[in-house]
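Predicted model, so just to flag it, every value in this text is computed and none were measured.
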Amino acid sequence: MREVWCMWRYSTMVVLTVLTAGLFAAILIPFKGIPLIPGITELRPANVIPLVFGLLFGPAGAWGSAFGNLIGDFFGTLGPGSFFGFWGNFLAAYLPYQIWRGRSLESLGPHWLRFVLAALLGGLSCALVVGFGLESLKLLPFSLIAIAVFLNNVLIALSLGPFLLKLLAPRVSRWDLSWEEQMAPEDSHPG
């Protein structure tokens, strides 16, 4: 977990965080008009971003997903639940990259089961944080919000994720933008 805090010392990682947040918010905002649970969540094709950018950019993808979700909330769903949405989306990117650590992204073929597991764990972590958070605030029952968030995250990530990774992974590798290439080994070792 050390890399989550150390990444802020690397300007490229900060830029990747901002890029991820901006892209996540830019995809979220137009779909605010298609609510699944009015005032809480909507159809979110942007849910592919935490999984894919978490795998590509590691901690920068996690922070970018968290901030991107918060920015998106300013356009209609900002409220007490935004705190839980921030940390839920952080985990939706952080846990998949931890599962994937050290594996190539250029070919999902031999790692398809790990990819599915990463998508499921990311979606589940986000659903649990948001679900328990909104339940604790007495805003929505856990079962309603957790199922909606989980399905929204996982179905989008599994359907769009492989295509987006196939498109982006070779470019990220060619341009040396993966988080492991950007950070010094002492800052990127697992804690």
Interatomic spacing from [atom1] in [X] to [atom2] in [Y] - rounded to 0.5 Å:
{"X": "F57", "Y": "I49", "atom1": "CZ", "atom2": "CD1", "result": "9.5 Å"}
{"X": "I156", "Y": "L151", "atom1": "CD1", "atom2": "CG", "result": "10.5 Å"}
{"X": "L158", "Y": "L51", "atom1": "CG", "atom2": "CG", "result": "7.5 Å"}
{"X": "L91", "Y": "F86", "atom1": "CG", "atom2": "CZ", "result": "10.5 Å"}

Closest contact, heavy atoms only, [X] versus [Y]:
{"X": "S125", "Y": "A92", "answer": "OG-N, 3.8 Å"}
{"X": "V154", "Y": "A119", "answer": "CG2-O, 3.7 Å"}
{"X": "S82", "Y": "T77", "answer": "OG-O, 3.7 Å"}

Who passes side chain to side chain contact (heavy atoms under 4.5 Å, CB included) against I145, sequence neighbours left out?
I37, I40, T41, V130, L134, L140, V149
Do the side chain of [X] and the main chain of [Y] share a donor and acceptor less than 3.5 angstrom apart?
{"X": "W63", "Y": "V4", "result": "yes"}
{"X": "R171", "Y": "L167", "result": "yes"}
{"X": "R2", "Y": "E186", "result": "yes"}
{"X": "R114", "Y": "I99", "result": "yes"}
{"X": "Q182", "Y": "D176", "result": "yes"}
{"X": "N69", "Y": "S65", "result": "no"}

Anything under 30° is parallel, anything over 60° is perpendicular, the rest tilted; go ahead and classify F90 against W87.
perpendicular
Ring centers of Y97, W179 separated by less than 6.0 Å
yes
Write out all pairs satisfying salt bridge (Lys or Arg N to Asp or Glu O under 4.0 Å) with one or both partners inside residues 51-79, taking only residues at least two apart or from two chains.
K32-D73
Does the pair F115 and W112 meet the rule for a ring pair (Phe, Tyr, Trp, His ring centres under 6.0 Å), with working shown?
CA-CA 5 Å; F115 179 78; W112 69 269; 10.0 Å; no
